[in-house]
Amino acid sequence: MLRALSETARARTGRPELIIVRARPGVREAVHLARLNGVRLYATLDEALREPARTASGTEDLSAWRAAAPGAETLPAWRSQLADPLRPSYEDLHQEVRALRARVRTAPVIGMAQGALMVRYGLPDPGSVFRVLREASQRFNVPLRVLASAVVVAPPPDREVWFPGRRPLPVPQPRILARDGRDPRCRRRMIDAVLREALAVGRAPAGYVRCLDPAVNALTLEAHHGCTETFLDHLVRGGADPDTAVRTGNRPVSVPDVATEPLLRDDFRGALLTSGVRALHSIPVLSPTGSCAGVITVHWPEAGHRPAAAHAETLALLAADTSDWLSWYHRSVLLHALEHLHRTLTGGAPAVRQPAHR
């Protein structure tokens, strides 16, 4: 297909170049493997616009360079990244594959939400439902996946107001997460803050946070730091044995030596060891009803590492803060978004934006 596009560009413009800006890693790799000399890849549009002038001014220098090094333009494929920094690395490809897998996991939940709303409100097509979902997601800064999951699990409305009699809830006063004036309405920033605090308390170089998606009853990766793409790919595909134990027992799990821990499956143990992880500690985020709403996990590169008693207490306090915030978020911000969605689809007055919390 790329060859056909290149030939079409030549036929229409009289030039052999097909210019592609900000191509995905898979496209960049395909261009390199196919050895398409007529295809030019650029990281930005500005760079693509500047290239003709740079090429014109440097033609003589390029010819002289080729004459001096006649074999330089036939570098083997494994060295082409040195000649062209736009060639994707394995890390780029891992990221793209992980993103595609995340979309595959998210798509069914969004599809279920679209179907429920189409039936509930008599809407003609899933595209119109998706636009309303996206607008509510952006208006209240709620991730689309989280909003769709709430639509699936929330009891359907039976009157003009989805949750009649609901009153505004006071913002929780966390003991650790209150620092730096964080806005509790911003889910992404709050979960990132949870991870940063956990890494700081545990003096750990790597870790992640997973939260429960009630629509599929599974933990979903929300934030990570210092984890290799290979490990994240394994985590997303196969889960994590310590997280499962934490969720099942509603208690912290420490693994001081990954190499000898019987709790771990061999494939997960191998993913950890390959990523340089020798010890880990996972703690549950318990909901007000006592069920597991999420897991916070930190990693260390040294075997035998276990959090000191004071650090374990602080991590438990962080998990309690996270639970208080997450419960408020679900009963406040998320319900605001659902009610706005309901009013929009029933033709009612638009929901009022939430006031800023300081």
**Student:** Going hydrophobic residue to hydrophobic residue with side-chain gaps under 4.5 angstrom, can you get from Leu169 over to Phe140?
**Tutor:**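 The answer is yes; both residues are in one hydrophobic cluster.
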
**Student:** Within the distance-only criterion (no hydrogens, no angle test), does the side chain of Thr346 pair as donor or acceptor with the backbone N or O of His342 below 3.5 angstrom?
**Tutor:**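 Here the side-chain-to-backbone pair exists.
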
**Student:** Is the closest side-chain heavy-atom distance between Val295 and Val209 below 4.5 Å?
**Tutor:**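 No; the side chains remain at least 4.5 Å from each other.
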
**Student:** Flag yes if Phe231 and Val236 sit in one hydrophobic cluster, no otherwise; membership is Ile, Leu, Val, Met, Phe, Trp, Tyr, and two members link when side-chain heavy atoms are under 4.5 Å apart.
**Tutor:**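 Yes, same cluster.
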
**Student:** Under 4.5 Å between side-chain heavy atoms, hopping through other hydrophobics if needed: is there a path connecting Val253 to Leu273?
**Tutor:**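 Val253 clusters together with Leu273.
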
**Student:** Where do Ala198 and Leu318 come nearest, in terms of heavy atoms and distance?
**Tutor:**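 That closest heavy-atom pairing would be N-CD2, 3.5 Å.
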
**Student:** Could you go through His281 and Leu315, starting from their C-alpha distance and side-chain angles, then the distance that decides it, and tell me whether this counts as side chain to side chain contact (heavy atoms under 4.5 Å, CB included)?
**Tutor:** CA-CA 10 Å; His281 183 72; Leu315 287 172; 3.9 Å; yes

**Student:** Thinking salt bridges, do Asp321 and Arg175 make one under a 4.0 Å N-O criterion?
**Tutor:**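 Salt bridge between Asp321 and Arg175, a charged N being under 4.0 Å from a carboxylate O: yes.
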
**Student:** Are Val142 and Trp328 connected into the same hydrophobic cluster when the rule is that any two of I, L, V, M, F, W, Y join if their side-chain heavy atoms are below 4.5 Å apart?
**Tutor:**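 In one cluster: yes.
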
**Student:** What's the verdict on side-chain hydrogen bond (donor to acceptor under 3.5 Å, both in side chains) for Tyr208 and His299, showing C-alpha distance, side-chain angles and the deciding distance?
**Tutor:** CA-CA 9 Å; Tyr208 58 85; His299 291 165; 4.7 Å; no

**Student:** Is the backbone N or O of Gly270 less than 3.5 Å from a side-chain atom of Thr274, with the two atoms forming a donor-acceptor pair by type?
**Tutor:**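 Side chain of Thr274 to backbone of Gly270, a donor-acceptor pair under 3.5 Å: yes, one is there.
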
**Student:** Going by heavy atoms in the side chains, are Pro205 and Trp300 under 4.5 Å from each other?
**Tutor:**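 Counting from C-beta outward, Pro205 and Trp300 do come under 4.5 Å.
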
**Student:** Do Thr230 and Thr228 meet the criterion of a side-chain donor-acceptor pair at a distance under 3.5 Å?
**Tutor:**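 Result is no, nothing qualifies.
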
**Student:** Let me check something: do Val246 and Leu286 share a hydrophobic cluster, defined by ILVMFWY side-chain heavy atoms less than 4.5 Å apart, either directly or through other members?
**Tutor:**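 They do not share one cluster, since no chain of ILVMFWY contacts under 4.5 Å joins Val246 to Leu286.
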
**Student:** For residues 204-224, which residue pairs pass the salt bridge (Lys or Arg N to Asp or Glu O under 4.0 Å) check, not counting sequence neighbours?
**Tutor:**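 Passing the test, one end in residues 204-224: Arg145-Glu222, Arg187-Glu222, Arg210-Asp243.
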
**Student:** Does any N or O in the side chain of Trp162 come within less than 3.5 Å of the main-chain N or O of Leu338, such that one atom is a donor and the other an acceptor?
**Tutor:**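 Pair absent, no side-chain N/O of Trp162 close to backbone of Leu338.
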
**Student:** Quick one: closest heavy-atom pair of Pro307 and Ser254, and the distance?
**Tutor:**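 Looks like CD-OG, 4.1 Å.
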
**Student:** Could you check if a side-chain atom of Tyr329 sits within less than 4.5 angstrom of a side-chain atom of Met190, using non-hydrogen atoms only?
**Tutor:**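 They are not in contact (no side-chain heavy atoms under 4.5 Å apart), so the answer is no.
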
**Student:** Could you pull out every donor-acceptor pair under 3.5 Å between side chains of residues 151-160 and any protein atom, sequence neighbours left out?
**Tutor:**
none

**Student:** I'd like to know if the side chain of Asn250 and the backbone of Gly290 have a donor-acceptor N/O pair within less than 3.5 Å.
**Tutor:**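 Side chain of Asn250 to backbone of Gly290, a donor-acceptor pair under 3.5 Å: yes, one is there.
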
**Student:** Spell out, as yes or no, whether a donor-acceptor pair under 3.5 Å connects the side chain of Ser128 to the backbone of Pro124.
**Tutor:**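 Not a single qualifying donor-acceptor pair exists.
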
**Student:** Using side chain to side chain contact (heavy atoms under 4.5 Å, CB included), reason through Gln138 and Asn141 one step at a time and then give a plain yes or no.
**Tutor:** CA-CA 5 Å; Gln138 294 172 348; Asn141 199 20; over 6 Å; no

**Student:** If I take atom OG from residue Ser287 and atom CG from residue Leu212, how far apart are they, to the nearest 0.5 angstrom?
**Tutor:**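 Between atom OG of Ser287 and atom CG of Leu212 there are 9.0 Å.
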
**Student:** Before you tell me yes or no, could you show the steps for Leu341 and Thr344 under side chain to side chain contact (heavy atoms under 4.5 Å, CB included), namely the whole-Å CA-CA distance, both residues' side-chain angles and the distance that decides it to 0.1 Å?
**Tutor:** CA-CA 5 Å; Leu341 189 69; Thr344 300; 5.8 Å; no

**Student:** Would the number of heavy atoms belonging to other residues, nucleotides or ligands and lying under 6.0 Å from CZ of Arg189 be above 12?
**Tutor:**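 It does not: Arg189 CZ has 12 such atoms or fewer within range.
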
**Student:** Using every non-hydrogen atom in the two residues, find where Ile191 and Cys211 come nearest and quote the distance to one decimal.
**Tutor:**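 In terms of heavy atoms, the two residues are closest at CD1-SG, 4.1 Å.
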
**Student:** Do Arg269 and Asp241 make a side-chain contact, defined as non-hydrogen atoms from C-beta onward lying under 4.5 Å apart?
**Tutor:**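 They are not in contact (no side-chain heavy atoms under 4.5 Å apart), so the answer is no.
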
**Student:** Count the heavy atoms belonging to other residues, nucleotides or ligands that lie under 6.0 Å from NE2 of His330, then report whether that count exceeds 12.
**Tutor:**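 Buried by this count: over 12 neighbours within 6.0 Å.
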
**Student:** Do Arg247 and Pro284 come within less than 4.5 Å of each other through their side chains, counting heavy atoms only?
**Tutor:**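 No - every pair of side-chain heavy atoms lies 4.5 Å or more apart.
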
**Student:** Got Glu135 and His340 here, is their nearest side-chain heavy-atom distance under 4.5 Å?
**Tutor:**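 A side-chain contact exists here, since the closest heavy-atom pair is under 4.5 Å.
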
**Student:** Going by heavy atoms in the side chains, are Arg196 and Leu199 under 4.5 Å from each other?
**Tutor:**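 Side-chain contact under 4.5 Å: no.
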
**Student:** A side-chain contact here means heavy atoms from C-beta on lying under 4.5 Å apart; do Asp267 and His234 qualify?
**Tutor:**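 When only atoms from C-beta onward are counted, His234 and Asp267 do touch, with a gap below 4.5 Å.
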
**Student:** Should the heavy atoms of other residues, nucleotides or ligands under 6.0 Å from CZ of Arg203 be counted, would the total exceed 12?
**Tutor:**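 Counting other residues, nucleotides and ligands, CZ of Arg203 stays at 12 neighbours or fewer.
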
